[in-house]
Amino acid sequence: MSTTENEPAANFIRHIILDDIANGKNGGKVQTRFPPEPNGYLHVGHAKSICLNFGIAKEFNGSCNLRFDDTNPEKESDEYAKSIEQDIKWLGFEWHKEIHHASDYFEQLYGYAVELIEAGLAFVDELNAEQMREYRGTLTEPGKNSPYRDRAIAENLDLFTRMRAGEFPDSKYVLRAKIDMSSPNINMRDPIIYRIKRAHHIRTGDKWCIYPMYDFTHCISDALEGITHSLCTLEFEDHRPLYDWVLDNISLECHPQQIEFSRLALAYTITSKRKLTTLVSEKFVDGWDDPRMSTLSGMRRRGYPAASLRHFCTAVGISKKNHVTDMGLLEQYVRDELNVIAPRGMAVLRPLKVVIENYPEDKIEQLEAPIHPQNEAMGTRKVPFSREIYIDQEDFMEEANNKFKRLVLDKEVRLRNAYVIHCHQVIKDEQGNMTELRCTYDNQTLGKNPEGRKVKGVIHWVSASESVAAEVRVYDRLFNTPNPAAAEDFRTCINPNSLSLISSARVEPSLAEAKPEQCFQFEREGYFVADRYQHSPEKPVFNMTVGLRDTWNS
RNA sequence: UGGGGCGUCGGCAAGCGGCAAGCCACUUGGUUUUGAUCCAAGCAUUCGCAGGUUCGAAUCCUGCCGCCCCAGCCA
């Protein structure tokens, strides 16, 4: 794959910025920001935005601020804020200097609201929510002016001061911009810019009982930080006139340019904080970092390298098209990265005992195997070989056609990194289940092919006595429909078999020694990661990251 | 039926008047002690549709068709 982080893909936002720089706009400076609300964990969709904002800033020698858009205290928490900081760092980005918060600007925001009132461009309304909805009109009919719209400026000032002072109950009054109730753009029909809400804020505590709305806050925060390009998703396109209106009507010189791009949509997953919250709160998954989640912390725990997410984000590109990206694209970048960095090892997920009759009972050989067959520099590891071993149940058949390149009764197969064995007997229990294979090995086949015959198959194995019991979690997609977000109730699309717990897997000793979060390739199976929290050398726990590309089963 | 957007290969996505980039997927060969990796080759006479302008149109114009977003005191 030739797409790398060093070769930014062409997209319309880059073109705009390139033009701006060529025209000397903003003195050639580029300043972006990533503005999450701390009301949930970051997901793949955010990764796209992070890569865009931080990537653009870096490319043009600018910087990117991290700013928490914390204007709705009821939904926000410090846990979320902390997780967001961690996830951004994990993804490999550094924000410019200290973290910003919309709440840092509450005092200034209040001042600009007063400016608007003084200019006759904002008024205190006392319609209740339901009345306001009626006055707003519909998509096809204009709205009506609020009866309180023409309040005197002095009265508006007085009321707004008292709103701040806490003289009124929640929701009694709101501050509204005075724009145009007949605008075809509903966002311009005298939008609310402040509401009374007695909620404890994670940063300002109980200092405020009025909080500014997004549309008023975001543009001013951008301007205060000297943002040049304010990149956001498509649903804010209709808000751009309001973004511009606010900045055009207050005494702030800086006027950032808002540019919208389409959200990332990944097939078979969900990228909505609200829905992800539901999965967690209703226990469909085991927390925000469940490896099946499309959260950054979930993908981290799943074993996705941060670099693969960055490559993926570069590869999907930026456009204004509503799209659905194949999960396969992400997985391919994950494999790509892991193929290069992951040490190899052997693990048997569904053990079938094999007794090698012509191998001495007490003998244990420490065979040497490469840690990475394409990268000698990674060195070698010891793999113990003994008379009793395990192979995977799926690697044996009593009868099979020539396409089956594994072990068959009365035939031979190569044991990876070891000898060629021949199976001559299958032992079964009363129910007819295979319990053991009796084989012989050819001691002339270590590191070389047998003479006079071809052995086409290679299977993996572990020593029965020297391997370590491990728990392996194999994942399938969390949803069984490509677009769960489109369902009436996305919970009905949840795949009941998204997690398979394998409690009796066996891994070679080198794998048991893994450090938490260390990634491996279990040869012929896929990529696996030692669980970040539950893995220990005594009780190894691995999560499947992604399977190897498999042309046999597909 | 108001307003704002968007339609280029199976999935992403460049291109912005002069022979349709790239990635993923897929197909076919080769290497291989991983049915992996790797290597080589193939994969849109056509850009939602229909007209028009032009020597020349995915790119410009006109008209249709389809899809997405907006009526929170959420962001």
Side-chain angles (χ1 to χ4, degrees), chain A residues 1-3 7 9-12 15 35-37 39 69 71-72 74-75 125 127-129 132-133 136-143 170-176 183-189 191-197 211 213-215 217-218 232-241 260 262 267 273-274 311-312 314-333 335-336 339-340 344 346 369 372-374 403-406 414-418 420 445 447-449 455-460 521-526 547-554:
Chain A
M1 266 174 249
S2 62
T3 315
E7 300 169 28
N11 65 58
F12 77 100
H15 286 310
E37 184 189 9
N39 67 342
D69 224 333
T71 56
N72 186 7
E74 284 169 340
K75 292 185 176 168
D125 202 356
L127 251 28
N128 64 35
M132 207 169 290
R133 198 175 314 124
R136 189 151 36 222
T138 68
L139 293 178
T140 51
E141 300 158 47
D170 286 13
S171 301
K172 169 76 176 165
Y173 290 101
V174 293
L175 183 69
R176 289 229 253 170
S183 171
N185 180 347
I186 291 181
N187 295 120
M188 299 298 269
R189 316 239 264 231
I192 292 173
I193 57 179
Y194 263 93
R195 74 282 212 191
I196 303 173
K197 183 179 284 212
Y211 292 96
M213 298 286 286
Y214 167 85
D215 286 308
T217 309
H218 203 85
C232 63
T233 44
L234 247 31
E235 68 270 26
F236 292 103
E237 216 155 13
D238 288 344
H239 295 242
R240 194 171 67 232
E260 311 85 10
S262 57
K273 268 195 216 168
R274 212 201 85 236
H311 293 153
F312 167 73
T314 303
V316 290
I318 301 294
S319 75
K320 298 188 72 156
K321 234 172 289 182
N322 288 303
H323 61 264
V324 181
T325 297
D326 283 343
M327 194 59 192
L329 185 63
L330 208 204
E331 292 184 333
Q332 195 45 42
Y333 281 97
R335 287 192 191 98
D336 232 48
N339 177 48
V340 174
R344 312 289 132 125
M346 293 192 286
H372 193 302
Q374 278 85 43
K403 281 187 172 175
F404 187 77
K405 294 169 39 175
R406 311 179 191 185
R414 154 77 61 187
L415 291 179
R416 175 91 173 142
N417 298 129
V420 168
T445 55
K448 58 187 177 207
N449 287 122
V455 177
K456 65 182 174 198
V458 181
I459 64 173
H460 59 284
Q521 185 196 99
F522 290 1
E523 287 188 299
R524 299 211 317 128
E525 290 286 359
L548 250 29
R549 184 166 162 272
D550 189 352
T551 52
W552 164 249
N553 285 320
S554 56

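First the proteins, then the strands, lettered A, B, ... as listed; each starts at 1.
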*Just how far is it from atom CZ of A:R195 to atom OH of A:Y211, taken to the nearest 0.5 Å?*
9.5 Å

*Closest non-hydrogen atom pair between A:V340 and A:D336, with its separation*: CG2-O, 3.5 Å

*Considering only the C1' atoms, how many Å lie between B:rA25 and B:rC9, rounded to the nearest integer?*
11 Å

_Minimum-distance nucleotide (side-chain atoms of A:N11 versus B:rA14, B:rU1, B:rC12)_ = B:rA14

*Would you say B:rA36 has OP1 or OP2 under 4.0 Å from some side-chain N or O of A:T551?*
yes

*Please round to the nearest 0.5 Å and tell me the distance separating atom OG1 of A:T138 and atom CD1 of A:I186.*
7.0 Å

*With sugar-phosphate meaning primed atoms plus P, OP1 and OP2, does A:V455 contact a base, only sugar-phosphate, or nothing at under 4.0 Å between heavy atoms?*
nothing

*Under 3.5 Å, is there a donor-acceptor pair linking the side chains of A:H460 and A:R416?*
no

*For B:rU33, which nucleotide is its Watson-Crick or G-U wobble mate, given both distances must be under 3.5 Å?*
none

_Separation of the C1' atoms in B:rA20 and B:rU46, to the nearest angstrom_ = 7 Å

*A:K448 or A:H15: which one's nearest nucleotide on RNA chain B is closer to the 5' end?*
A:H15

*Are A:R549 and B:rC26 close enough that a side-chain N or O sits under 4.0 Å from OP1 or OP2?*
yes

*Taking the C1' atom of each, how far is B:rC26 from B:rC68, in whole Å?*
29 Å

*In whole Å, what separates the P atom of B:rA41 from that of B:rG35?*
26 Å

*5'-most contact on RNA chain B: A:E237 or A:V316, nearest heavy atom basis?*
A:E237

*Nearest-Å distance once atom C1' is located in both B:rA50 and B:rG66*: 15 Å

*Identify whether the glycosidic angle of B:rG30 places it syn (within 90° of 0) or anti.*
anti

_I'd like the C1' distance from B:rU32 over to B:rG42, given in whole Å._
23 Å

*Which residues share a ring pair (Phe, Tyr, Trp, His ring centres under 6.0 Å) with A:H239, sequence neighbours left out*: A:F236

*Summarise how protein sits on nucleotides 68-75 of chain B as a single string, 5' to 3': B when a protein heavy atom is under 4.0 Å from the base, S for sugar-phosphate-only contact, - for no contact.*
SBBBSBSB

*Distance only, no hydrogens: is a donor on one side chain within 3.5 Å (strictly under) of an acceptor on the other, for A:N128 and A:K172?*
no

*Mind checking A:G447 for me? I need base, sugar-phosphate or nothing, with any heavy atom below 4.0 Å counting as a touch.*
base

*Might you work through the salt bridge (charged side-chain N to carboxylate O under 4.0 Å, His left out) test for A:K273 and A:E37, ending with a clear yes or no?*
CA-CA 10 Å; A:K273 268 195 216 168; A:E37 184 189 9; 5.2 Å; no

*Does a side-chain N or O from A:Q332 land closer than 4.0 Å to OP1 or OP2 of B:rA25, or not?*
yes

*N or O in side chain of A:K321 less than 4.0 angstrom from B:rU8 OP1/OP2*: yes

